[in-house]
Amino acid sequence: MVITADGSVRLPELGLDIEHLTTGIELFGLHISFYGILIACAMLFGLLLTKYLAKKSGQSMELYLDFAIFAIIAGIAGARAVYVLQRWSYFKEAPKEILSLSNGGLSFLGALLAAFLVAWLFCKRKKYELKKLCDTAIVGVLLGQIIGRWGDFFTRDMLGTYSEGL
């Protein structure tokens, strides 16, 4: 893949050129990034799949909805915290930027760790089996990761560079 100065993306091995690929849409003067839209869709569809699987296996869908509220909030906080820790040399000089998500900066690993911690606490409090909750929710997490990963395509993040081969 080659990313050009005008924002175009070239995939030479596939014979594709996507000209002037934008990173988002403008709505009422506000820039809404495709990455944010895809992350929101990832959470929504992951939750819907988890809810479906809970219903299919005779579990309480409400339990998973309750869990999702805490897991999503903790996941966003954990994702940002790990991102900030990974780039602490920058953030210690610009502490006002720590809470600014408008310039990006989330870590899937941080989200996963925070959500798992919440799952453990949630199951302890609700006296629910952690293994059952994790077995049911992980499929939704996987779907969310698949959808969310497309956000990296639009931000041109973690795509690597074009190579002529070894």
Side-chain angles (χ1 to χ4, degrees), residues 1-56 61 63-87 90-91 94 97-119 122 133-163:
M1 174 170 6
V2 177
I3 300 168
T4 63
D6 69 353
S8 299
V9 176
R10 291 182 47 232
L11 303 162
E13 295 298 319
L14 298 176
L16 292 174
D17 286 332
I18 305 169
E19 294 184 13
H20 310 293
L21 182 65
T22 182
T23 60
I25 58 173
E26 297 293 325
L27 191 62
F28 305 112
L30 181 67
H31 180 77
I32 301 173
S33 72
F34 290 136
Y35 184 83
I37 292 168
L38 286 164
I39 293 298
C41 288
M43 287 188 264
L44 174 65
F45 290 118
L47 176 59
L48 291 174
L49 178 57
T50 300
K51 186 178 160 190
Y52 168 78
L53 293 172
K55 181 180 180 181
K56 186 176 177 184
M61 292 183 300
L63 180 105
Y64 284 90
L65 292 173
D66 290 346
F67 167 66
I69 292 168
F70 297 111
I72 288 171
I73 292 168
I76 292 169
R80 185 59 177 183
V82 168
Y83 180 84
V84 168
L85 288 173
Q86 289 173 330
R87 291 156 183 81
Y90 168 76
F91 285 105
E97 294 293 314
I98 290 174
L99 297 178
S100 173
L101 293 176
S102 61
N103 294 326
L106 298 173
S107 163
F108 176 72
L109 178 59
L112 195 61
L113 289 172
F116 183 77
L117 176 61
V118 165
F122 184 84
L133 183 122
C134 289
D135 280 349
T136 303
I138 197 65
V139 180
V141 171
L142 177 60
L143 177 62
Q145 176 67 359
I146 291 167
I147 295 169
R149 196 51 44 197
W150 278 98
D152 291 330
F153 177 76
F154 288 102
T155 60
R156 286 92 163 158
D157 189 25
M158 292 192 266
L159 296 176
T161 59
Y162 181 71
S163 171

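Just the heavy atoms: all of them, side chains too, but no hydrogens, waters or symmetry mates, feed the values below.
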Q) Looking at CH2 of Trp150 and CD1 of Ile37, how far apart are the two atoms once the value is rounded to the nearest 0.5 Å? A) 15.5 Å
Q. Under the ring pair (Phe, Tyr, Trp, His ring centres under 6.0 Å) test, which residues partner Phe34, sequence neighbours left out?
A. Phe154
Q. CZ/Phe45 to CD1/Ile147 distance, rounded to the nearest 0.5 angstrom?
A. 6.0 Å
Q. Which residues pass the side-chain contact (heavy atoms from CB on, under 4.5 Å) test with Leu44, sequence neighbours left out?
A. Leu48
**Q.** Those residues that, when tested against Asp17, pass side-chain contact (heavy atoms from CB on, under 4.5 Å) (two or more places apart)
**A.** Arg10
Q) Rounded to the nearest 0.5 Å, how far does CE of Met43 lie from CG of Leu38? A) 11.0 Å
Q. Take atom CZ in Phe70; do more than 12 heavy atoms of anything else shown fall under 6.0 Å from it?
A. no
Could you tabulate the donor-acceptor pairs under 3.5 Å formed by side-chain atoms of residues 72-87, not counting sequence neighbours?
from	atom 1	to	atom 2	distance (Å)
Arg80	NE	Ile98	O	2.7
Arg80	NH1	Gly104	O	2.7
Arg80	NH1	Gly105	O	3.0
Arg80	NH2	Glu97	O	2.7
Arg80	NH2	Ile98	O	3.1
Arg80	NH2	Ser100	O	3.0
Tyr83	OH	Arg87	NE	3.4

(Q) Working to the nearest 0.5 angstrom, can you tell me the gap between Ser107 OG and Leu113 CG? (A) 8.0 Å
Side-chain donor-acceptor pairs of residues 136-143 under 3.5 Å, sequence neighbours excluded:
from	atom 1	to	atom 2	distance (Å)
Thr136	OG1	Gln59	NE2	2.8
Thr136	OG1	Tyr64	OH	3.2
Thr136	OG1	Lys132	O	3.0

Q: Could you pull out all residues at least two apart from Phe116 that satisfy side-chain contact (heavy atoms from CB on, under 4.5 Å)?
A: Leu130, Cys134
Q. Under the side-chain contact (heavy atoms from CB on, under 4.5 Å) test, which residues partner Leu14, sequence neighbours left out?
A. Leu11, Leu16
Q. Minimum heavy-atom separation for Gly144 to Ala42, with atom names?
A. O-CB, 3.1 Å
Q) Would one find more than 12 heavy atoms of other residues, nucleotides or ligands at under 6.0 Å from atom OH of Tyr52? A) no
